[in-house]
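Below you'll find the structure, written out as structure tokens, and then a few comments.
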Amino acid sequence: ETAARLAQESGGSTAAIQSVLAEFLGLDNYLHATLSSNKVAMRASVAQGGGLLSLFTRGYALAECMADQRGQACLGVAKQLQRLARLGEAKAHWATVFGLVCAALGISLAHMQQLYMFQFVRQVFSAAIRLNLVGPLRAQMLECDMHPFVSGLLKEHAHLRVAFGSLDDLFGESAVYTEPILELYQGMHDRLYSRIFNS
């Protein structure tokens, strides 16, 4: 929403880019705080976000679809975010960069949410395949079977936004992290004798 608003309201002026960048940094810091107890997930998120940011600024910078006002504004934010990440002043987590790239490519919020959920479910089944819990064909069938469930989750929760202006935001109708036990299990991955995933 933030990146889409940048292109609509400002024409990509420097002041608007700085304003949106500040919002992105706030979201990025919030995400970093929610992952702070899970070093494995934090490392993976920063590595994937940095990779996507690098791909976006190099691969899409000269693309025809980026020549319009929206694309140039988002590209300006992406370059600033990349610079700050290199200086260690930003983390550029996967979810933050994913939203920026989708907005730059003109993907609507609803489609962005569907795409994010699809890739999340796909990653879960990919991990299950690597752990030899299911085979590739069975994982494909299960992924298709998950579609109604995921669509239901999106209908129920797509309206939630990250808000951290007050305690009411954190404990009311805001997006929050709710699985500390799973996070503890995932955080133990570094302690395994034979690590299964490269993160």
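Residue numbers count from 1 along this sequence.
Residue Leu21 comes nearest to Val77 through the heavy atom pair CD1-O, 4.0 Å, listed as atom of the first residue, atom of the second, then distance. Across all their heavy atoms, Leu81 and Ala90 have their closest contact at CD1-CB, 4.1 Å. When all heavy atoms of Ser45 and Leu31 are compared, the pair lying nearest together is OG-CD2, 4.4 Å. In plain terms, the two heavy atoms of Phe56 and Met66 that are nearest each other are CZ-CE, 3.4 Å. Across Tyr116 and Ala95, no two heavy atoms sit closer than the pair OH-CB, 3.8 Å. Across Met112 and Cys102, no two heavy atoms sit closer than the pair CE-CB, 3.5 Å.
Linking ILVMFWY residues whenever their side-chain heavy atoms come closer than 4.5 Å, directly or via other members, leaves Leu109 and Leu153 in distinct clusters. Phe118 and Ile129 end up in different hydrophobic clusters when Ile, Leu, Val, Met, Phe, Trp and Tyr side chains are linked at under 4.5 Å. Linking ILVMFWY residues whenever their side-chain heavy atoms come closer than 4.5 Å, directly or via other members, leaves Leu133 and Met141 in distinct clusters. Follow the hydrophobic side-chain contacts under 4.5 Å out from Tyr60 and you reach Val97 in the same cluster. Residue Val20 is grouped with residue Leu52 when hydrophobic side chains (ILVMFWY) are merged at heavy-atom distances under 4.5 angstrom, including chains of intermediate members.
A donor-acceptor pair under 3.5 Å is absent between the side-chain atoms of Gln48 and the main chain of Trp94, judged by distance alone. Side-chain atoms of Asp28 never come within 3.5 Å of backbone atoms of Phe24 as a donor-acceptor pair (strictly under, hydrogens ignored). Thr57 contributes a side-chain N or O that, together with a main-chain N or O of Ser54, makes up a donor-acceptor pair within less than 3.5 Å.
A heavy-atom distance below 4.5 Å is found between the side chains of Phe98 and Leu115.
Summarising the geometry, atom NZ belonging to Lys91 is positioned 11.5 Å from atom CG belonging to Leu84; distances are rounded to the nearest 0.5 Å. To the nearest 0.5 angstrom, Ser151 atom OG is 9.0 Å from Met117 atom CE. The SG atom of Cys74 sits 12.5 Å away from the NZ atom of Lys79 when rounded to the nearest 0.5 Å. From Leu142, atom CG reaches atom CG of Leu137 across 11.0 Å, with rounding to the nearest 0.5 Å.
No side-chain N or O of Gln119 forms a donor-acceptor pair with one of Arg122 less than 3.5 Å apart.
Shown here is Phe125, whose CZ atom has more than 12 heavy atoms of other residues, nucleotides or ligands within 6.0 Å. The 12-atom threshold is exceeded at CG of Leu87, counting heavy atoms of other residues, nucleotides or ligands nearer than 6.0 Å. At most 12 heavy atoms of other shown residues, nucleotides or ligands fall within 6.0 angstrom of atom CD in Glu64.
Ring-plane geometry between His93 and His32 is classed as tilted, the angle between the planes lying from 30 to 60 degrees on a 0 to 90 degree scale.
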- Message: Evaluate Gln80 against Gln18 for side chain to side chain contact (heavy atoms under 4.5 Å, CB included), listing each step before the verdict.
- Response: CA-CA 9 Å; Gln80 289 290 326; Gln18 292 304 320; 4.0 Å; yes

